[in-house]
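Structure first, commentary second.
All ligand and atom numbering here is 1-based and tracks the order in the structure.
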Amino acid sequence: MRLLLVNPRFPESFWTFKLAMDQILPRARATNPPLGLATLAALCPPDWEVTIVDENVETVPLAPAADLIGVCGMGVQFPRQAELLRFYRSRGYRVVAGGSYASLCPEQFEGLADAVVAGEAERIWPQFCADFAAGAPQALYRETETVALTDSPTPRFDLLKLDRYSQASLQFSRGCPYRCEFCDIIVMFGRRPRVKSLEQVGRELDALRAHGVRRVFFVDDNLIGNRPQAKALLAFLAEYQARHDYRFSFGTEASLNLARDAELVRLMRDAGFTWVFIGIETTDEASLKETKKTQNVGGDILADVRRMYASGIDVLAGFIVGFDNDTLATFDRQREFIMASGIQSAMIGLLHAMPRTPLHERLQKEGRLRTLVDSCDNTVAGTNVVPKRMEYDAMVERFKRLYRELLTDRAIGERIRNKMRYMQQPLYTGGFGTADSLRIVWRLLRRGIFPGGPSRWAAFLRSLPLRRPAQIPSVISDWIIGLSMADFARRRLEAPAAIRVAERRVASVRAAVANYVESGRARLDVAIAPAPSVSLSLHGLVDRQFFVRAARSLERLLKHTPATVTLRIEALREAEHRHLEHLLYRLRRYGDRVSVDLDERLRAVVSIDSSVFHLVLSGSPRA
Ligand code: B12
Ligand code: SF4
């Protein structure tokens, strides 16, 4: 049996760190590989031939040699996941859906897939494989019991292109003992953390070591959910690193009470953890109590963060605004805290109600759910929650402003200084070889710092720890994070003035292709609000000049505005293929905002990299 597993492209967000991936880090095209797919591959019968394609780092095959295609996805990937399922199914493939969103909302996949696997796959995927091989798969496989993680096999890391990611993923536990009202983790994985054995972790590390991996993200929901087991793991990791004389640099997610357990922090440090992502959410005690995040109540959160720094471990954090207790003034308090704490990777979101969570249930009862906003990415400028003590529009505007305030050059530099004052000896060393480290610094300077002009140069220079060279890798890393987030915010959380710029840029696209539109060979559809978008369709034959003019004006439109562009190509002479390629080459950098919709016949001869552009996959051949 030939199985193809696909991880659909993520829409761009703060989490994709596009600037870093595209322009600064060598080789990396995405942060993490699809660990769920590698685990699923390991659960297949041994005689199945499995291939994994991650559309975030490579293009999807349009006519793969496969008997079955599995497509995974989080909620944010659902539109692309659905598009891929529809496309492959329309080509006669048998398709199966799974992953985080299918686990939470399997009903959304009705009519999209031949089968849906909802929940952890360790027990139900082998059942599906047997049924599929026997020709009688069911429509839904839903895990209703508790999966023992000791039954989880070593993921097929060999099927992943690990060198295209900035770090590898490894999972020790699932579940979290707490009960935050907005959290879907405890709905999907329960409140009793389940863990793998230390031998299993050792085997996974052996496999990653064999691939030369250095940076590993323990993708646990809360690594310290079961403290005795976490401590055993950490001691094991320290011993593993020493035994193999191999330095992995680890990172993970953990609850804030980690900082209040000195032994745990010490073990973490000894094990080689260089960063930890903490759900701080807010420093407002009333909001924390309201959302039942009781583990964060009753301490000094700023002191907690600084204690982590003092041990050399960096803190990345999640923040939320929009609790019932919050007002517009909450944004100011969040800004003050984030600045003082020096947290660079501050993922701030408006409170979202994910389906099936207690928060969703409560707000539904209170009639406070908005339906228009996608509730799957918690950092978008919108939410499905109707706030209690703020006007919705004012809240969204203030949210965008908060990001803008935090992502000025000055604020990035100031946070670095505020952090480094407390993190005298960071454990983070980058984990790159000398040549790569130099390349990263050079690219950061050339593509990140220099283009920012004198104010950025000054902020950068002021943040350099000239008397503490050990801090340099962390400072460089924080600039890469800060500038990547600022780059995304500039393009996506635009100030109102951007609309005027968009109008000007759209007018120049119009002028560039006017002749072709008048002669009926091309068509241009434009929308400025709510977001600028341009759709250029080619249905008659054009010449080289068309592509040159279109490339120039579209590139500028994409560069200076948050516009999206759709290219619909129904007719193209062979001689024009290379001009189209040249046009796409110029738009590459903005590929996540460019959709390419090729006529069915052209799809076979013009290759479009779907990891760069959104390749539209209409289900059936067009008439
Ligand atoms: C690591 C991680 C990340 C990493 C890396 C993502 C990546 N590329 O892998 C980063 C930090 C980048 C990230 C970002 C985000 N994440 Co995230 N992330 C996780 C985390 C902690 C672990 C995922 C993982 O690797 N698990 C380990 C594997 C083994 O488990 P699994 O994926 O669940 O797979 C199992 C089954 O689902 C099944 N399966 C998986 N795939 C398939 C496919 C088929 C065909 C089948 C049949 C079965 C199947 O088999 C596996 C074995 O049981 C999860 C939490 C969690 N516990 O799942 C959140 C989680 C997946 N993320 C989530 C979200 C929402 C996001 C963000 C949108 C940010 C946010 N919180 O708003 C961003 C978007 C990403 C982007 N690039 O834009 C949500 C998804 C909610 C949902 N139900 O859709 C989760 C569940 C956490 C949460 N509650 O916030 N994330
Ligand atoms: S601590 Fe994190 S994983 Fe645990 S319940 Fe709260 S939000 Fe969910």
query: Any side-chain donor-acceptor pair under 3.5 Å between Ser249 and Thr274?
result: yes

- prompt: So, Glu281 and Asn296: side-chain donor and acceptor under 3.5 Å apart, yes or no?
  reply: no

- request: Number the atoms of ligand 1 from 1 as they appear, then name those within less than 4.0 Å of a heavy atom of Gly75, with their elements.
  value: 82 (C), 84 (O)

query: Considering only protein heavy atoms, which is closest to atom 71 (N) of ligand 1, and at what distance to one decimal place?
result: Asn378 ND2, 3.4 Å

query: What heavy-atom pair brings Ala41 and Ile52 nearest, and what distance separates the two atoms?
result: CB-CD1, 4.4 Å

query: Does atom 59 (C) of ligand 1 have a protein heavy-atom neighbour under 4.0 Å away?
result: no

message: Suppose we measure from atom 4 (Fe) of ligand 2 to each protein heavy atom; which comes out shortest, and what is that distance?
response: Cys176 SG, 2.2 Å

field: Heavy atom of the protein closest to atom 54 (C) of ligand 1 (residue, atom name, distance)
entry: Asp221 OD1, 4.7 Å

Test of proximity, Val76 against ligand 1: N or O pairs below 3.5 Å: no

- prompt: Under 4.0 angstrom from atom 63 (C) of ligand 1, is there any protein heavy atom?
  reply: yes

- request: Using a distance threshold of 4.0 Å (strictly less than), state whether atom 68 (C) of ligand 1 has a protein heavy-atom neighbour.
  value: yes

task: May I ask whether atom 52 (C) of ligand 1 is less than 4.0 Å from at least one protein heavy atom?
output: yes

field: Proximity of Asn32 to ligand 1 by residue part, where a heavy atom lies under 4.0 Å
entry: both

Between Ser152 and Glu122: side-chain donor-acceptor atoms closer than 3.5 Å: yes

query: Parallel, tilted or perpendicular: which describes the rings of Phe277 and Trp15, with under 30° parallel and over 60° perpendicular?
result: tilted

message: Can you tell me which portion of Pro33 lies within the under-4.0 Å heavy-atom range of ligand 1? Options are side chain, backbone, both, or neither.
response: backbone

field: Closest protein heavy atom to atom 25 (O) of ligand 1, given as residue, atom name and distance to 0.1 Å
entry: Val219 CG2, 3.6 Å

- line: Closest heavy-atom pair, Leu140 versus Pro106, reported as atoms and distance to 0.1 Å, is CD1-CB, 4.0 Å

task: Check each atom of ligand 1 against the heavy atoms of Glu120 and keep those under 4.0 Å away; list them by number with element.
output: 53 (O)

task: Mind checking whether Asn7 contacts ligand 1 via backbone (N, CA, C, O), side chain (CB onward), both or neither, at a 4.0 Å heavy-atom cut-off?
output: neither

- prompt: Going by distance only, is there an N or O of Ala121 that falls short of 3.5 Å from an N or O of ligand 1?
  reply: yes

task: For atom 27 (C) of ligand 1, state which one of Arg123, Arg174, Gln171, Arg356 supplies the nearest heavy atom.
output: Gln171

task: Go through ligand 1 atom by atom and flag the ones less than 4.0 Å from a non-hydrogen atom of Thr31.
output: 12 (C)

task: Give a yes/no verdict on whether any heavy atom in Gln295 is under 4.0 Å from an atom of ligand 2.
output: yes

query: In this structure, are over 12 heavy atoms from other groups packed under 6.0 Å from Arg362 atom CZ?
result: yes

statement: Between Asn222 and Ser173 the two heavy atoms that sit nearest each other are O-OG, 4.1 Å

- prompt: Less than 6.0 Å separating the ring centroids of Phe273 and Phe218?
  reply: yes

task: Using a 4.0 Å heavy-atom threshold (strictly under), name the region of Phe189 that reaches ligand 1: side chain, backbone, both or neither.
output: side chain

- prompt: Looking at ligand 1, does His352 have a heavy atom less than 4.0 Å from it?
  reply: no

Rounded distance [0.5 Å steps], CG in Leu407 versus CE in Met485: 5.5 Å

task: Can you pull out the closest protein heavy atom to atom 8 (Fe) of ligand 2? Residue, atom name and distance to 0.1 Å, please.
output: Cys183 SG, 2.3 Å

message: What I want to know is whether Glu122 and ligand 1 share at least one N or O pair that is separated by under 3.5 angstrom.
response: yes

- prompt: Who's the nearest protein heavy-atom neighbour of atom 85 (C) of ligand 1, and how far?
  reply: Ile185 CD1, 4.6 Å

task: Could you check atom 4 (C) of ligand 1 against the protein and tell me its nearest heavy-atom contact, residue, atom and distance included?
output: Phe217 CE2, 4.0 Å

- prompt: Are Asp131 and Tyr141 linked by a side-chain donor-acceptor pair shorter than 3.5 Å?
  reply: yes

- request: Could you check atom 65 (C) of ligand 1 against the protein and tell me its nearest heavy-atom contact, residue, atom and distance included?
  value: Cys376 O, 3.3 Å

task: Give a yes or no on this: more than 12 heavy atoms of other residues, nucleotides or ligands lie within 6.0 Å of atom CD of Glu107.
output: yes

- prompt: Starting from atom 66 (C) of ligand 1, which protein heavy atom do you reach first, and at what distance in Å?
  reply: Met74 SD, 3.5 Å

message: Tell me whether Met347 reaches ligand 1 (any heavy atom closer than 4.0 angstrom to a ligand atom).
response: no

- request: Within a distance under 4.0 Å of any heavy atom of Val96, pick out the atoms of ligand 1 and give their elements.
  value: 45 (C)

task: Answer with side chain, backbone, both or neither: which part of Cys180 has a heavy atom less than 4.0 angstrom from an atom of ligand 2?
output: both

query: Short list, please: which atoms of ligand 1 are under 4.0 Å from a heavy atom of Glu253?
result: 21 (C)

- prompt: Taking the minimum heavy-atom distance to atom 86 (C) of ligand 1, which of Met188, Arg9, Met354 ranks first?
  reply: Met188

- prompt: Can the ring centroids of Phe17 and Phe488 be said to lie less than 6.0 angstrom from one another?
  reply: no

- request: Please identify which atoms of ligand 1 are closer than 4.0 Å to at least one heavy atom of Trp125.
  value: 47 (C)

message: For atom 40 (C) of ligand 1, is there a protein heavy atom at a distance under 4.0 Å?
response: yes

- prompt: Counting each atom of ligand 1 from 1 as listed, which ones have a heavy atom of Val71 under 4.0 Å away?
  reply: 45 (C)

message: What I want to find out is whether Arg227 reaches Asp261 closely enough, with some N-O distance under 4.0 Å, to be called a salt bridge.
response: yes

Ring-ring centroid check Phe109 Phe78, cutoff 6.0 Å: yes

field: Nearest protein heavy atom with distance in Å, relative to atom 75 (C) of ligand 1
entry: Phe10 CE2, 3.5 Å

message: As a test of understanding, state which of Arg164, Arg9, Arg80 forms a salt bridge (Lys or Arg N to Asp or Glu O under 4.0 Å) with Glu55.
response: Arg80

- prompt: Can you tell if the side chain of Leu402 reaches within under 4.5 Å of the side chain of Ile348, non-hydrogen atoms only?
  reply: yes

- line: Checking heavy-atom distances from atom 43 (C) of ligand 1 to each of Gly175, Ser13, Gly70, Cys72, the winner is Cys72

query: Should the pair Arg214 and Phe248 be classed as cation-pi, given the thresholds of under 6.0 Å to the six-membered ring centre and 45° from the axis?
result: no

- request: Could you check Tyr93 against Phe87 for ring-ring contact (aromatic ring centres under 6.0 Å, His included), going step by step and ending with a plain yes or no?
  value: CA-CA 9 Å; Tyr93 292 99; Phe87 172 77; 8.3 Å; no

message: Taking the six-membered ring for Trp, are Trp275 and Phe217 closer than 6.0 Å centroid to centroid?
response: yes

query: Among side-chain atoms of Ser255 and Asn257, is any donor-acceptor pair under 3.5 angstrom?
result: yes

- prompt: Does Glu12 have a non-hydrogen atom less than 4.0 Å from ligand 1?
  reply: no

- request: Please say whether Asp184 places an N or O atom under 3.5 Å from an N or O atom belonging to ligand 1.
  value: yes

query: Within a reach of under 6.0 Å around CZ of Arg356, are more than 12 heavy atoms found that belong to other residues, nucleotides or ligands?
result: yes

- prompt: Where the closest heavy atom to atom 2 (Fe) of ligand 2 is concerned, which of Glu181, Arg179, Lys293, Lys292 has it?
  reply: Lys293

